[in-house]
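Some notes on the structure that comes next.
Just follow the structure's listing: the first ligand is 1, and inside any ligand the first atom is 1. The chain is numbered in sequence order, starting from 1.
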Amino acid sequence: MGQIGLDPSTTYHHLKKKEVLDLAAMMKGFKMRVNGTLSIEKAFITGGGVSLKEIVPNEMASKLMDRLFFCGEILDIHGYTGGFNITAAFSTGFVAGLHAAQRASEVKA
Ligand SMILES: Cc1cc2nc3c(=O)[nH]c(=O)nc-3n(C[C@H](O)[C@H](O)[C@H](O)COP(=O)(O)OP(=O)(O)OC[C@H]3O[C@@H](n4cnc5c(N)ncnc54)[C@H](O)[C@@H]3O)c2cc1C
């Protein structure tokens, strides 16, 4: 945020079009230097992500923003290896997709 001069407390709805474009360009062009790797056991799943407290679980909808849905790795879920993570990705993806499509058809109607 500081890199493009945005106040971190500004919410999306208060951003000007240029600020949205600058933010998107910064996020898409974000560079980082990788300085090593851990073992394969540590490489299966990303730690952290969108807090489950911010999600309606039976819809995978955001509690903070209408018509925003989350699934898979973006969530703050990390299970042991052995199928738990891929199952979580598939099941949250199914629920999120179903409800996103339903919500989209309500908006059109
Ligand atoms: C080496 C390895 C081994 C694993 N083994 C297991 C296992 O044994 N059991 C298990 O349960 N889980 C395992 N996992 C974890 C599991 O594969 C993931 O949790 C799961 O695939 C996450 O699914 P996802 O759809 O959320 O994300 P992803 O599968 O990462 O899918 C995200 C997709 O988005 C695409 N994408 C990214 N940015 C953009 C963009 N800007 N525009 C368009 N597309 C974009 C990516 O190319 C990718 O195809 C393993 C993971 C790794 C890395």
Side-chain angles (χ1 to χ4, degrees):
M1 302 291 267
Q3 289 175 31
I4 51 170
L6 281 185
D7 176 353
S9 64
T10 307
T11 59
Y12 179 79
H13 293 289
H14 294 97
L15 293 177
K16 297 185 181 92
K17 188 170 181 189
K18 183 182 179 313
E19 291 172 327
V20 172
L21 293 175
D22 287 350
L23 184 60
M26 188 204 77
M27 290 167 78
K28 289 178 79 173
F30 187 81
K31 289 195 172 83
M32 64 176 130
R33 182 187 294 269
V34 177
N35 60 12
T37 57
L38 298 176
S39 64
I40 190 72
E41 289 76 20
K42 301 272 185 193
F44 292 129
I45 186 85
T46 316
V50 176
S51 170
L52 300 183
K53 291 181 187 156
E54 295 177 0
I55 288 181
V56 182
N58 61 346
E59 297 180 1
M60 297 313 297
S62 171
K63 288 182 184 171
L64 306 183
M65 179 161 298
D66 187 32
R67 289 185 281 157
L68 181 62
F69 297 80
F70 296 104
C71 62
E73 285 270 359
I74 199 80
L75 297 164
D76 186 13
I77 302 177
H78 40 284
Y80 292 110
T81 187
F84 298 101
N85 296 305
I86 203 109
T87 303
F90 284 156
S91 47
T92 56
F94 177 81
V95 173
L98 189 69
H99 286 87
Q102 279 175 1
R103 189 75 184 87
S105 64
E106 286 166 18
V107 171
K108 273 189 195 164

- request: With a 4.0 angstrom cut-off on heavy atoms, strictly below it, pick out the residues next to ligand 1 and order them by chain and number.
  value: Ala43, Phe44, Ile45, Gly72, Glu73, Thr81, Gly82, Gly83, Phe84, Asn85, Ile86, Ala89

query: For Met26, which of Ile4, Leu6, Leu21 qualifies under side-chain contact (heavy atoms from CB on, under 4.5 Å)?
result: Ile4

query: Under 3.5 Å, is there a donor-acceptor pair between the side chain of His14 and the main chain of Thr10?
result: no

- prompt: So, does Asn85 use its side chain to make a donor-acceptor pair with the main chain of Gly79 at under 3.5 Å?
  reply: yes

- request: Report yes if some heavy atom in the side chain of Phe70 is under 4.5 Å from a heavy atom in the side chain of Thr92; otherwise report no.
  value: no

- request: Quickly, which of Ile77, Leu64, Ile55 forms a side-chain contact (heavy atoms from CB on, under 4.5 Å) with Val50? Name it, please.
  value: Ile55

Within residues 52-78 or reaching into it, pairs that qualify as side-chain hydrogen bond (donor to acceptor under 3.5 Å, both in side chains) - sequence neighbours excluded: Thr46-Glu73, Asp66-Arg103

